[in-house]
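See below for the structure under consideration.
Everything quoted here is computed from the prediction, not taken from an experiment. Each chain gets a letter, A, B and so on, in the order its sequence line appears, and its residues count up from 1.
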Number of protein chains: 2
Amino acid sequence: MSEPSTLAARYQSGDLRALARAVTLAEAGLPAARPLLKSARAGGIRSVVVGITGSPGSGKSTLTDALISVLRAQGKRVAVLAVDPSSPYSGGAILGDRIRMLRHHADSGVFVRSLASRGALGGLSARTMAVLALLEGGGFDWIILETVGVGQSEVDVAAACDHTLLVVTPAGGDGVQAFKAGIMEIADVIAVNKSDLPGSSRTVRELTSAQALGWHDEHTWLAPVRKTIASAGEGIESVVEAVLKHRAHLGDAGLQERRRLRAEFEVRSLVQERLLRRARNAGGDLYARVARGELDAEAAADELLSGP
Amino acid sequence: MSEPSTLAARYQSGDLRALARAVTLAEAGLPAARPLLKSARAGGIRSVVVGITGSPGSGKSTLTDALISVLRAQGKRVAVLAVDPSSPYSGGAILGDRIRMLRHHADSGVFVRSLASRGALGGLSARTMAVLALLEGGGFDWIILETVGVGQSEVDVAAACDHTLLVVTPAGGDGVQAFKAGIMEIADVIAVNKSDLPGSSRTVRELTSAQALGWHDEHTWLAPVRKTIASAGEGIESVVEAVLKHRAHLGDAGLQERRRLRAEFEVRSLVQERLLRRARNAGGDLYARVARGELDAEAAADELLSGP
């Protein structure tokens, strides 16, 4: 166990072991992480924070890997946070993580970490946001947040990151499905991965024309659609360019706002966790009383919010 | 405008216009709905509440339609609640709704309603739970909750309903994807729809063997996998049977617990809405201060929970 002050000093000097320890503290929600977090946040915007989302099988992990290689070749330091909030079953993130760990083991410009922590509502947790802040404070040029799992995590990624990269494949009408499912609205950049498969040009066309259908004016950001073959490293530079183009579009005010949204997500998740505790302390019966019509749902909400 | 007392009496007598009005009041969160809700809940468990989930394009709407026909032929009264919390773009629910409206217009045993209300966290809202309770109080034998959209709504459906019916198709390795995405864990019954397409038997096999992989003992419910062709009305009775089998498995205690979970969801959503209001009243700066490292996220959570 290091002294917190020593840990803070080592963390601030960019020591990767100290960062790893800080991340562990933050992930566990331990108070020792709080001063580190504060100093990390006070450092302002230093990292390009990209969230990668897309259905399982679209090749998110492979694309992340390819992004690491391209960014390292450009001399950037890259941190990857792989989060699997959905299920103890689907070990995809953990596996991909280990493979990358091995590959980039000797490279001090790459930091990879898996988080299994699940938010109070099933998506990303407050801890994830804290870890993102620590990575930014650790001086990484790019931070890639890769989630495995469905649902809430996709919405959460958009709240947590500066840029959301949606990965689709030409197969199974993925593009149209993304549009129908409302996912396209959270995408800042779209990669049509596995674009050596048949139908990739059609998928690009469908996505582009779907965008054109929505309301937009000259200030609206229409997510650039890029073909990639992540397994062969093709099209990756073009994705990096598209992300940086979106960054320029956001501007400083836009980036500050994204940071604010991340903080909001973190605070709201913490509030949620505490409310869960209060509900447990109120006795397991609060909700049963509502279910039986004995207590009004509004009255139950009052009770929770006035609780100790 | 009816007098609330008259409305309550008409609602309790099973008047469909009064029900429609009650649903409108509940959806708007108006206090006039509260006595109706209380009496609806006091009536106990009267309906089989089934949530239908699955990726867009899997045929959820068509399957809902087919279920209505089968259940009506069995003399059951059926209410359908179509919810699209994800996006103002994807008008699927509304369209499917209108088609059903036309088809079942003259049938007083079918009640169809669309809700567009979005929860504070993007999924189903507290209002949806209230409407479900009103439909149950309205004496429907079956209530089908059909969601369009991605993500949080899938998790929410499982929290809101007695039985979750997952719809997959043989195309695109849907079954394996559902497994990887952790969706299979919330399914109580699985329909492999469009099973006239190639690969349906393989999909059934994949799903069944994926289930066998997970931990289970003789008390674990393994979701029955049923082939359907909803557009031709094939396999629907078998889905109804599987739902009722799951209902027997839950037993009275299990069903009470599901009701409790629904109430919990409603109360928590209401709490969330109020916290959003508090955060706005605290000034838009609370989260910005956290983002700049001036205020600890934990301290901000304290501030929100102690607010007026």
Residue from Arg274(B), Gln256(B), Glu257(B), Arg262(B) scoring the most non-hydrogen pairs under 4.5 Å with chain A is Arg274(B)
For Glu298(B), is it the side chain, the backbone, both or neither that has a heavy atom under 4.5 Å from a heavy atom of chain A? both
Greatest number of non-hydrogen atom pairs under 4.5 angstrom with chain B, of Lys38(A), Glu264(A), Glu266(A), Met129(A), falls to Glu264(A)
Grab the two heavy atoms, one from Ala263(A) and one from Ala291(B), that are nearest each other, plus how far apart they are. CB-N, 3.6 Å
Return the minimal non-hydrogen interatomic distance between Ala301(A) and Leu270(B), and the atom names on each side. CB-CB, 4.0 Å
Side chains of Leu275(A) and Leu305(B): closer than 4.5 Å at any heavy-atom pair? yes
Which residues in residues 39-46 of chain B have any heavy atom closer than 4.5 Å to a heavy atom of chain A? Arg41(B), Ala42(B)
Quick one: which of Gly293(B), Ala300(B), Ala299(B) has the most heavy-atom pairs under 4.5 Å with chain A, could you say? Gly293(B)
Report which part of Arg259(A) has an atom under 4.5 Å of a heavy atom belonging to chain B: side chain, backbone, both, or neither. both
